[in-house]
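One structure is given below, encoded as structure tokens.
Atoms considered below: every heavy atom in the structure, side chains included; atoms not considered: hydrogens, waters and symmetry mates. All residue numbers in this chain count up from 1 along the given sequence.
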Amino acid sequence: MTIILDDYSRAVAGYYLSFSAPLAINTALTLHQAIWTKKDSSWPICGIPENFYTDHGSDFTSNFMEQVAVDLRINLIFSAIGIPRGRGKIERFFQTINQMLLEGLPGYIENNCNEKLLTIQEFKEKLHCFLINEYNQTNHSSIKVSPIKKWSEQLFLPNMPNSLEELDLLLLEIPKTRKVHSDGIHFQGLRYTNPNLSAFVGEPVLIRYTPNDLAEIRVFYKNQFLCNAISPDISNYEINMDDLIFARNKRKKLLKCLYHN
């Protein structure tokens, strides 16, 4: 899990859960979520940070993240040996997750309960509920108030990007080129549509997306934002890349077994 905490309030600003090894894109996606306003009104944490404290992991020290910091005017501060500024708070945070959430879940290594194990989606839902509805809302031992209350007490205006599209161009490091068809844009076996695409049939466009929600993509034409395109098949719920690949591989195995039988 990649996590971003607000140093002042200790509030969770963004997080990203994946089975993959730490990558710059995971950090970028977490920062994207941390900066932009959330759909959930109970999670008001947002804004471009002045300082970004991190360690020397390759996912943070990549050229991509350095360029992002320059573009967003963020001061990257790497923890030095013996002076782990900010890192201790993150380590304590992970201890809190372990003690307050993980230890009570089926499958925890020291948990003897015989409950059914969680799917990854069930775990994601429990994690989100814990982070936003419990951790952010509960009094913190160091600041003596809840992170949400601490965040809100100064009544300051967060420094925000000019637009979501501008933030996408900086942080969504997964651009793909696709051609617009008469029935929309085809991507990962899904079809994405928007009325604005009808004028661009046959034209190549650039799409950008977040792996943890493939229900919607952002379409750019000649480096200019064109529209959001939605997949009608999955528009009522979120689906992530890991889930899509897992379902696709499962389907292939089933077809293979049927073929051999």
Side-chain angles (χ1 to χ4, degrees), residues 1-20 22 26-49 51-55 57 59 84-158 160 210-213 215 236-240 242-243:
M1 184 172 71
T2 303
I3 189 84
I4 294 179
L5 293 182
D6 174 53
D7 186 59
Y8 174 75
S9 67
R10 306 296 204 277
V12 173
Y15 72 94
Y16 184 74
L17 188 68
S18 173
F19 283 118
S20 65
N26 294 357
T27 305
L29 288 168
T30 312
L31 192 56
H32 185 282
Q33 182 190 59
I35 290 174
W36 197 245
T37 52
K38 318 296 192 289
K39 294 178 182 179
D40 186 348
S41 60
S42 65
W43 193 11
I45 317 303
C46 62
I48 302 171
N51 298 314
F52 192 73
Y53 300 100
T54 182
D55 58 24
D59 49 328
R85 185 173 182 180
R87 196 169 64 195
K89 296 172 185 175
I90 290 290
E91 291 173 350
R92 286 195 297 274
F93 172 80
F94 277 111
Q95 288 180 358
T96 298
I97 288 183
N98 191 57
Q99 295 169 357
M100 303 300 293
L101 175 66
L102 301 184
E103 287 186 4
L105 296 180
Y108 186 76
I109 196 168
E110 296 178 359
N111 191 341
N112 294 321
C113 75
N114 296 317
E115 294 181 52
K116 180 182 177 182
L117 297 180
L118 300 174
T119 65
I120 182 62
Q121 188 58 41
E122 289 171 339
F123 177 72
K124 286 180 178 179
E125 291 172 0
K126 288 184 178 293
L127 176 65
H128 181 84
C129 183
F130 173 78
L131 294 177
I132 310 310
N133 300 328
E134 293 187 40
Y135 173 81
N136 272 359
Q137 304 288 344
T138 302
N139 282 1
H140 194 283
S141 60
S142 297
I143 58 178
K144 310 304 180 185
V145 296
S146 70
I148 285 294
K149 186 173 182 179
K150 186 71 172 178
W151 167 271
S152 305
E153 68 181 10
Q154 292 298 317
L155 298 177
F156 72 100
L157 291 176
M160 299 296 292
T210 57
N212 55 336
D213 184 9
N236 292 329
Y237 60 92
E238 291 186 357
I239 182 171
N240 64 47
D242 290 340
D243 293 337

Are the side chains of Leu5 and Arg10 in contact, using a 4.5 Å heavy-atom criterion?
no
Quick check against the 3.5 Å criterion: does Lys144 have a side-chain atom that pairs as donor or acceptor with the backbone of Ser142?
no
About how many Å separate CD of Glu103 and CG of Asn98, when rounded to the nearest 0.5 Å?
5.0 Å
Is there a side-chain contact between Thr37 and Met160, using heavy atoms and a 4.5 Å cut-off?
yes
Pairwise side-chain contact, Trp151 with Asn136, heavy-atom cut-off 4.5 Å (strictly under)
no
With side-chain contact (heavy atoms from CB on, under 4.5 Å) as the test, would you mind laying out the steps for Thr138 and Ser146 before giving the verdict?
CA-CA 5 Å; Thr138 302; Ser146 70; 5.8 Å; no
When you measure from the side chain of Lys124 to the backbone N and O of Thr119, does any donor-acceptor pair fall under 3.5 Å?
no
How long is the gap from CG on Leu127 to CG on Leu105, to the nearest 0.5 Å?
9.5 Å
Stepwise side-chain contact (heavy atoms from CB on, under 4.5 Å) test for Tyr135 and Leu101:
CA-CA 10 Å; Tyr135 173 81; Leu101 175 66; over 6 Å; no
Distance col, row Tyr8:OH vs Lys150:NZ, nearest 0.5 angstrom, shows 4.0 Å
Do the side chain of Trp43 and the main chain of Val12 share a donor and acceptor less than 3.5 angstrom apart?
yes
Spacing of OG belonging to Ser18 relative to CG belonging to Leu29, to within rounding of 0.5 Å
9.5 Å
Please report the interatomic distance OG(Ser42) to CD(Gln137), rounded to the nearest 0.5 Å.
6.0 Å
Is the closest side-chain heavy-atom distance between Met100 and Phe130 below 4.5 Å?
yes
Output, in order, the C-alpha distance, side-chain angles, deciding distance and verdict of side-chain contact (heavy atoms from CB on, under 4.5 Å) for Leu131 and Ile97.
CA-CA 9 Å; Leu131 294 177; Ile97 288 183; 4.1 Å; yes
Distance, nearest 0.5 Å, that separates CD1 of Ile3 from CZ of Phe93
4.0 Å
Exam field: side chain Lys149 to backbone Ser9, donor-acceptor pair closer than 3.5 Å
no
